[in-house]
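Remarks on the structure that follows.
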Protein chains: 2
Amino acid sequence: MTREIQTRRTRQKEAIRAAFLEEDRPLSPDEALVFAQRRADALSIATVYRNISNLVEDKWLTPIQVPGCPVRYEVAGKAHHHHFQCRSCGTVHELEGCDVPNKPHLPRGFKYLDHDFFVYGICAACPK
Amino acid sequence: MTREIQTRRTRQKEAIRAAFLEEDRPLSPDEALVFAQRRADALSIATVYRNISNLVEDKWLTPIQVPGCPVRYEVAGKAHHHHFQCRSCGTVHELEGCDVPNKPHLPRGFKYLDHDFFVYGICAACPK
DNA sequence: CTGCGTGCAAATGCTTTGCAAAGAC
DNA sequence: GTCTTTGCAAAGCATTTGCACGCAG
């Protein structure tokens with residue numbers, strides 16, 4: 001059930017896209033709401049959810065599922081990379097490149113397809 | 001708010017623990033319910049949830065959050081390892097050892113604490 | 001007997017959906 | 001004016017919780 005592309009340009013939609021572009025890091029729907037409301041204050045969370053799923057369908061956003069956290073989304077199309085989450089403030093940042101071996105050792109009969117890698121620590125903005 | 005240890009041995013509790021021990025892989029609450037019901041059929045999902053969180057508090061279980069999936073839990077105390085999820089049947093398996101470099105490269109000012117690593121592919125039990 | 005643990009059903013929190021009204025074109 | 005998009009409120013789902021009863025010790 002692919003959505004037909006008949007997109008109308010709305011204040012809300014633009015504000016949501018702008019939030020992702022300006023923050024340039026994975027945002028949860030709540031975070032996206034807060035940032036987008038700075039540009040378009042009449043904006044409901046339902047609209048954020050609806051637009052995010054459209055943008056994911058259009059491959060403009062990709063979901064980033066940090067274990068144990070609400071889903072976040074980031075602008076799609078970037079090179080293969082992983083994510084860092086600050087254990088103090090919870091913010092997720094993108095890491096450049098990939099330090100992971102291409103083919104981890106798997107049990108007999110298992111076929112490798114891909115991987116996820118998450119690093120946790122303390123970000124530069126948080127006090128030691 | 002630590003739970004005082006005043007554990008009574010109940011049929012349900014034993015069945016839940018047995019499910020994790022016998023399957024020896026991460027189970028979601030639903031999966032645990034199904035396996036535990038084979039031993040104690042009068043078992044409600046609420047009891048599974050309650051017992052799982054007690055077992056996590058007691059450090060007998062550890063939560064395993066595969067990105068985009070319901071939480072699973074596995075028996076705690078094993079050596080550092082990671083997980084494999086079959087893209088076909090969804091089952092999660094444990095992998096031995098850790099193929100990940102100890103200290104991934106982080107941006108200036110970021111402090112490394114730990115990491116998560118997930119491998120996806122097709123398991124031996126699934127048709128190619 | 002005492003009081004913890006369970007089952008049920010209601011409550012919660014996050015996400016999705018139906019519908020009428022607002023807005024894009 | 002037409003048809004999409006929005007906001008609100010209700011519906012869904014998974015998980016948690018309150019309460020009365022059953023069962024372990």
Side-chain angles (χ1 to χ4, degrees), chain A residues 1-20 26-58 60-74 90 92, chain B residues 1-20 26-58 60-74 90 92:
Chain A
M1 194 178 298
T2 313
R3 193 172 58 89
E4 295 308 324
I5 306 141
Q6 274 177 315
T7 305
R8 286 183 185 181
R9 180 164 300 246
T10 66
R11 209 167 24 91
Q12 294 89 335
K13 205 174 291 187
E14 294 304 308
I16 291 166
R17 279 207 281 238
F20 284 100
L27 300 180
S28 66
D30 283 329
E31 289 173 319
L33 177 67
V34 170
F35 288 113
Q37 278 178 335
R38 293 183 185 166
R39 308 189 132 242
D41 56 73
L43 174 59
S44 76
I45 187 68
T47 298
V48 173
Y49 277 108
R50 264 187 291 231
N51 275 287
I52 285 178
S53 51
N54 290 343
L55 291 169
V56 170
E57 246 183 58
D58 296 345
W60 194 88
L61 285 180
T62 322
I64 303 298
Q65 257 287 356
V66 180
C69 295
V71 206
R72 290 155 207 265
Y73 300 88
E74 71 179 13
V92 175
Chain B
M1 197 178 298
T2 313
R3 191 171 58 88
E4 295 309 322
I5 306 141
Q6 274 175 316
T7 305
R8 285 183 186 181
R9 180 163 300 245
T10 65
R11 213 167 21 90
Q12 294 89 334
K13 204 173 292 188
E14 294 304 308
I16 291 166
R17 278 206 281 238
F20 284 100
L27 301 179
S28 65
D30 284 328
E31 289 175 319
L33 176 68
V34 170
F35 287 113
Q37 277 179 335
R38 294 182 185 165
R39 308 188 133 241
D41 55 73
L43 174 58
S44 75
I45 187 67
T47 298
V48 173
Y49 277 108
R50 264 186 292 232
N51 275 287
I52 285 178
S53 51
N54 289 343
L55 291 168
V56 169
E57 245 182 59
D58 296 346
W60 194 88
L61 285 179
T62 323
I64 304 297
Q65 257 287 356
V66 180
C69 294
V71 206
R72 291 156 206 264
Y73 300 87
E74 71 178 14
V92 174

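Throughout, protein chains are lettered first and strands after them, A, B, ... in sequence-line order, and every chain is numbered starting at 1. Below, all heavy atoms of this structure are taken into account, side chains as well, without hydrogens, waters or symmetry copies. Just so you know, these numbers come straight off a predicted model, no measurement behind them.
B/N51 has a side-chain polar atom (N or O) that falls below the 4.0 Å cut-off from OP1 or OP2 of C/dT6. For B/Q12 and C/dG7, the shortest distance from a side-chain N or O to OP1 or OP2 is below 4.0 Å. The phosphate of D/dG7 has OP1 or OP2 within less than 4.0 Å of a side-chain N or O from A/T47.
The 5' end of DNA chain D is approached more closely, in terms of each residue's nearest nucleotide, by A/V48 than by the other of B/P70 and A/V48.
The minimum heavy-atom distance between A/V71 and A/Q65, with the atom names listed, is CG2-NE2, 3.4 Å. Considering every non-hydrogen atom in both B/A36 and B/A19, the closest pair reads N-CB, 4.0 Å.
Look at CD1 on B/I16: it is 12 Å from P on C/dG5, rounded to the nearest Å. Between B/R72 atom CZ and D/dA14 atom C1' there is a gap of 15 Å when expressed in whole angstrom units. When rounded to the nearest whole Å, the span between NZ of B/K13 and P of C/dC4 equals 11 Å. As a whole-Å value, the separation of B/I52 CD1 from D/dT16 P is 9 Å. Counting to the nearest Å, the P atom of C/dC14 and the CZ atom of A/R50 are 19 Å from each other. In this structure, CG of B/D58 is placed 14 Å from C1' of C/dG5, rounded to the nearest angstrom. Nucleotide C/dC14 holds its C1' atom 11 Å from the OH atom of A/Y73, rounded to whole Å. Here the C1' atom of nucleotide D/dT4 and the CD atom of A/E14 are 15 Å apart, to the nearest Å.
If you take OG1 on A/T47 and CG on A/N54, they are separated by 10.5 Å, rounding to the nearest 0.5 Å. The distance from atom CD of A/Q37 to atom CD of A/Q12, rounded to the nearest 0.5 Å, is 11.0 Å. Remark: A/I16 CD1 to A/W60 CH2 distance equals 10.0 Å, nearest 0.5 Å.
Comparing C/dG7, D/dG7, D/dT5 by their closest approach to the side chain of A/S44 singles out D/dG7.
In terms of the side chain to side chain contact (heavy atoms under 4.5 Å, CB included) criterion, residue partners of B/A18 (sequence neighbours excluded) are, by chain and number, B/E22, B/R39.
Contacts of A/I45 with the nucleic acid, taken as non-hydrogen atoms under 4.0 Å apart, are absent.
A side-chain contact (heavy atoms from CB on, under 4.5 Å) with A/Y73 is found for exactly one of A/I64, A/L27, A/I52, A/T62, namely A/I52.
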What pairs of nitrogen or oxygen atoms, one from the protein and one from nucleotides 22-25 of chain C, lie under 3.5 Å apart?
| unit_1 | atom_1 | unit_2 | atom_2 | d |
| --- | --- | --- | --- | --- |
| C/dG23 | N2 | A/R8 | NH1 | 2.6 |
| C/dA24 | N3 | A/R8 | NH1 | 2.9 |
| C/dC25 | OP1 | A/R9 | N | 3.0 |

